[in-house]
Peer 1: 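One structure coming up, written as structure tokens, with questions to follow.
Positions are given from 1 along the sequence. Treat the numbers as computed from the prediction; the structure is a model and nothing was measured. When a ligand or atom number is given, it counts from 1 through the structure's own listing order.
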Amino acid sequence: MTEPINKHTNSSLALVREPGISFTAALSSHADKNQIDHARAFRQHRGYVRALEEAGMEILSLPPLDDFPDSTFVEDTAVILKERALICRLKENSRQGETDFISEEIGKHRPLKFMEPPATLDGGDVLDTGKILFAGLSGRTNPDGIDALRELSLKPVVPVRVLKGLHLKSAVSYLGNDLVVLNPLRIDPEPFQHFKKSEVSENESYAANCLRVGETVIMAAGFPAVEGKIKAEGFKVLTVEMTEFEKADGGVTCLSLIFPGE
Ligand code: CIR
């Protein structure tokens, strides 16, 4: 029996934002970034929300923000802990205004702290493993950003070097019970030495980003090796079509902000 990751699984709250028509202009290093199909992205987002609901989440759905092509990736805008929330300072100019729109919503649920320059941190670089917060040192998150997280958190914050890819959570996910799903070629695996590891190979690296909700793991469709490993750990797996978000460098965790313990 796995430990409960959301104490009240049936009433956990997830905040999401539909992709706007400008989503096709999202930041991306992906070879197919110019092939993003908005209508398909919209349908895939609907499928993602359905999967969250099926896994027991309550959804708070925000309207698209067409001035911000990347605003569907709400995870990056904040770090929500049990007692309080940090509103991030995003490094990319085109994303910085997103936080004005999210802080009002989060402020209804948590006391807020705002990051100050020169700190930058994307929520995609923060992995909560229960007792420890791991924070990616990436192209988006700097040491001052990690210090800001330390000031907010009651848990120890451990930096992890991101070697390849956008964020820490592009390459590692926590499934509870000291188990991480991890691509050891994309981050420094040393900080996770005391964890049980389910390793992801380069050809399925996109699926290293997955989301546990209660006894369910939500992951991208089309990655049979990772899917098999997660099922072998005893989880129910829900796969979602993510092709359009993958073309914009985003994975399943990026599309929601989860309020732990609600
Ligand atoms: C960006 O480059 O900021 C977006 N296109 C992708 C953000 C993905 N977010 C995440 O991994 N948490």
Peer 1: Given Lys91, Lys33, Glu92, Arg140, identify the one with the heavy atom nearest to atom 2 (O) of ligand 1.
Peer 2: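 That would be Arg140.
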Peer 1: Can you label the angle between the Tyr48 ring and the His45 ring as parallel, tilted or perpendicular, going by 30° and 60°?
Peer 2: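 Tyr48 vs His45 ring planes: tilted.
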Peer 1: Considering only heavy atoms of Gly250, which atoms of ligand 1 have at least one such atom less than 4.0 Å away?
Peer 2: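 Answer, ordered by atom number: 8 (C).
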Peer 1: When you compare ligand 1 with Asp70, is there at least one nitrogen or oxygen pair between them that comes in under 3.5 angstrom?
Peer 2: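 Yes, at least one N or O pair falls under 3.5 Å.
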Peer 1: Side chains of Val217 and Leu175: does their closest heavy-atom pair fall under 4.5 Å?
Peer 2: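 Val217 reaches Leu175 side chain to side chain.
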Peer 1: So which heavy atom in the protein is nearest atom 11 (O) of ligand 1, and how far is it from that ligand atom?
Peer 2: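 Nearest protein contact, heavy atoms only, for atom 11 (O) of ligand 1 is Cys254 SG, 2.7 Å.
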Peer 1: Please state whether Ser170 comes within less than 4.0 angstrom of ligand 1, counting heavy atoms only.
Peer 2: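 Not so, Ser170 does not reach ligand 1.
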Peer 1: Pairs of nitrogen or oxygen atoms closer than 3.5 Å, one from Arg95 and one from ligand 1: do any exist?
Peer 2: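 Yes, Arg95 has an N/O under 3.5 Å of an N/O on ligand 1.
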Peer 1: Using a plain distance cutoff, I'd like to know if Ala248 has any nitrogen or oxygen under 3.5 Å from a nitrogen or oxygen of ligand 1.
Peer 2: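 Between Ala248 and ligand 1, an N or O pair is found under 3.5 Å apart.
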Peer 1: For residues Phe259 and Lys82, determine if any side-chain heavy atom of one lies less than 4.5 Å from a side-chain heavy atom of the other.
Peer 2: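 SC-SC contact between Phe259 and Lys82 ruled out.
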Peer 1: Quick one: are the ring centres of Phe245 and Phe23 less than 6.0 Å apart?
Peer 2: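 Aromatic pair counts; centres sit under 6.0 Å.
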Peer 1: Under a 4.0 Å heavy-atom limit, does Leu27 contact ligand 1 with its side chain, its backbone, both, or neither?
Peer 2: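 Looking at Leu27 and ligand 1, atoms from backbone and side chain both fall under 4.0 Å.
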Peer 1: For Phe68 together with Phe101, are the ring centres under 6.0 Å from each other?
Peer 2: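 Ring centres of Phe68 and Phe101 closer than 6.0 Å.
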Peer 1: Please check if atom CZ in Arg150 has more than 12 non-hydrogen atoms from other residues, nucleotides or ligands closer than 6.0 Å.
Peer 2: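 Above 12, so yes.
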Peer 1: Heavy-atom contacts under 4.0 Å between Leu166 and ligand 1: side chain, backbone, both, or neither?
Peer 2: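 The side chain, only.
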Peer 1: Yes or no on side chain to side chain donor-acceptor pair (under 3.5 Å) for Gln44 and Thr243, after CA distance, side-chain angles and deciding distance?
Peer 2: CA-CA 8 Å; Gln44 291 183 349; Thr243 56; 2.8 Å; yes
Peer 1: Check each of Glu98, His30, Glu75, Lys247 against atom 12 (N) of ligand 1 and report the one with the nearest heavy atom.
Peer 2: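 Comparing heavy atoms across Glu98, His30, Glu75, Lys247, the nearest one to atom 12 (N) of ligand 1 lies in Glu75.
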Peer 1: Does Asp76, backbone or side chain, put an N or O under 3.5 Å from an N or O of ligand 1?
Peer 2: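 Yes; at least one N/O pair falls below 3.5 Å.
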Peer 1: Take a 6.0 Å sphere around NZ of Lys229 and say whether it holds more than 12 heavy atoms from other residues, nucleotides or ligands.
Peer 2: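 Yes, the 6.0 Å shell around NZ holds more than 12 heavy atoms from other groups.
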